[in-house]
There are 2 protein chains.
Amino acid sequence: MATKHSSDPVHDEPADKPRAAERIRSTARELFYREGIRAIGVEQIVQDAGVTKPSLYRSYGSKDDLAAAYLRDYDAEFWVRFEQSVAAHPGDPKAQLLDYFGGLAERAAKPGYRGCGLTNTVVEYPGADHPACKVSQAHKRKLRKRLTAMAEAMGAASPETLADGLQLLLEGTYASGQLFGRDGPARSLVAVAERLIDASCG
Amino acid sequence: MATKHSSDPVHDEPADKPRAAERIRSTARELFYREGIRAIGVEQIVQDAGVTKPSLYRSYGSKDDLAAAYLRDYDAEFWVRFEQSVAAHPGDPKAQLLDYFGGLAERAAKPGYRGCGLTNTVVEYPGADHPACKVSQAHKRKLRKRLTAMAEAMGAASPETLADGLQLLLEGTYASGQLFGRDGPARSLVAVAERLIDASCG
DNA sequence: TGACGATGTTACCGATCGGTACGTATGATC
DNA sequence: GATCATACGTACCGATCGGTAACATCGTCA
């Protein structure tokens with residue numbers, strides 16, 4: 001019967017088999033971010049992951065659920081980067097923020113930058129009912145609270161206004177990074193943010 | 001009303017007068033903006049417009065071309081609003097800009113706001129080869145030049161940096177408007193922009 | 001070994017996608 | 001009335017969409 005399944009030249013290595021669910025998840029993360037969720041079919045995901053469709057649906061139930069899982073991963077990665085910048089400048093919220101902004105501006109200038117996966121998903125699925133959009137909105141609200149707390153710690157006269165401004169700059173960088181290429185408005189993110197912070201904390 | 005826009009820089013138009021074409025175009029403009037281009041099928045467009053598919057393809061050639069036409073209309077509407085704000089404050093670029101920003105913040109707070117159709121399209125179609133994306137990128141570059149000129153007119157120490165900051169705030173407002181509802185960061189757009197302008201023109 | 005549950009695979013579904021071949025109605029002109 | 005061009009509709013195409021039923025394989029433990 002099976003002439004080759006036990007000695008498949010490609011997938012034979014029995015040393016450590018990454019679970020199909022994990023491969024699907026990481027593949028979906030890359031494809032969804034790079035091309036958009038609507039643009040990627042489940043067929044391409046399982047093909048790139050080297051598995052098949054039922055494997056996907058036993059682990060995720062639907063494409064929408066997989067998209068939500070992708071955004072949960074994306075959210076987690078975001079906070080890892082954010083907390084790294086925070087940890088790099090203990091007790092100095094302005095430096096923490098500018099550190100993160102600097103890294104973001106760098107990433108936004110790289111070719112293939114596609115903005116924020118969470119924001120992009122809300123653009124792709126306007127209705128707030130989509131499971132992935134709920135993840136996005138929860139993330140953005142959490143970030144807003146965090147920025148407000150940092151603005152307070154900076155001694156801003158109006159922490160909410162400063163936090164609003166910082167979040168506008170963030171979202172603007174996400175969009176500008178993929179609208180313009182290397183030398184877009186995102187290059188000025190740190191300078192502008194610092195100017196805004198200083199003007200708000202005088 | 002015989003004055004027709006004679007030259008279109010981006011694409012060739014049928015330029016004549018099939019009646020169905022107009023209904024298709026305005027229907028597509030509403031549906032594409034509200035739901036996104038990928039989310040709307042040509043079937044739904046012609047159905048809502050009360051016509052049939054061949055009528056669409058006789059006037060537009062492809063869905064992508066129709067999307068590009070939608071964005072050209074969107075671009076034109078943008079500049080109408082922008083020039084209205086400019087005309088309202090002759091010789092005062094700061095007031096011109098804050099006027100436009102005020103109107104934008106108002107719109108961004110309304111329910112059903114979906115951000116910038118041009119930006120959204122780039123999010124939906126990452127590749128720069130899409131005809132609609134070319135329209136978007138041309139628009140954004142033109143806007144950037146305009147903002148830089150206004151920043152110069154304001155006497156900014158670094159006009160490019162101020163223009164970058166203003167464009168970041170713009171794009172951030174587009175995104176935040178649909179991410180958050182009524183009381184999102186977009187509410188602080190004018191205050192933040194004014195603060196940034198003042199800090200850049202001292 | 002042999003039974004069993006978990007996991008992966010083959011082959012397929014109905015629905016919808018963008019797009020088109022071809023016939024029809026109408027109005028102006030000869 | 002015959003002709004022709006314009007504008008629109010009917011019916012359909014192959015491809016692909018998200019999703020699923022039924023079968024094959026593997027690891028585990030008795």
| query | Quick one: does NZ or CZ of A/R34 land under 6.0 Å from the six-membered ring centre of A/F32, within 45 degrees of the ring axis? | reply |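 No, a cation-pi geometry is absent between A/R34 and A/F32.
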| query | Is the phosphate of D/dT10, meaning OP1 or OP2, less than 4.0 Å from a side-chain N or O of B/T52? | reply |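 For D/dT10, OP1/OP2 do not have a side-chain N/O of B/T52 under 4.0 Å.
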Atom [atom1] of [X] to atom [atom2] of [N]: distance rounded to whole Å?
{"X": "B/L56", "N": "D/dG9", "atom1": "CG", "atom2": "P", "result": "12 Å"}
{"X": "B/I24", "N": "D/dG9", "atom1": "CD1", "atom2": "C1'", "result": "12 Å"}
{"X": "A/Q47", "N": "C/dT9", "atom1": "CD", "atom2": "P", "result": "13 Å"}

| Qualifying side chain to side chain donor-acceptor pair (under 3.5 Å) pairs, either residue in residues 48-61 of chain A, two or more places apart |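 Side chain to side chain donor-acceptor pair (under 3.5 Å) check on residues 48-61 of chain A returns A/E43-A/K53.
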| task | Please state whether the rings of B/Y100 and B/F78 are parallel, tilted or perpendicular, taking 30° and 60° as the class boundaries. | result |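 Perpendicular, since the angle between the ring planes exceeds 60°.
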| request: Salt-bridge test for A/E106 and A/K110: reply yes if a basic N is under 4.0 Å from a carboxylate O, no otherwise. | output: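 Result for this pair is no, no salt bridge flagged.
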| field | Pairing of B/R144 and B/D164 as salt bridge, 4.0 angstrom limit | value |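 The answer is yes: the pair qualifies as a salt bridge.
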| Any residue meeting side chain to side chain donor-acceptor pair (under 3.5 Å) with B/S158, in chain and number order, not counting sequence neighbours |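 Per chain and number, B/S158 pairs via side chain to side chain donor-acceptor pair (under 3.5 Å) with B/T161.
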Please write out each protein N/O paired with an N/O of nucleotides 18-22 of chain C under 3.5 Å, distance rounded to 0.1 Å.
from	atom 1	to	atom 2	distance (Å)
C/dG18	OP1	B/K63	NZ	2.7
C/dG18	OP2	B/V42	N	2.9
C/dG19	OP2	B/Y57	OH	2.8
C/dG19	OP2	B/K63	N	2.9
C/dG19	N7	B/K53	NZ	3.2
C/dG19	O6	B/K53	NZ	2.1

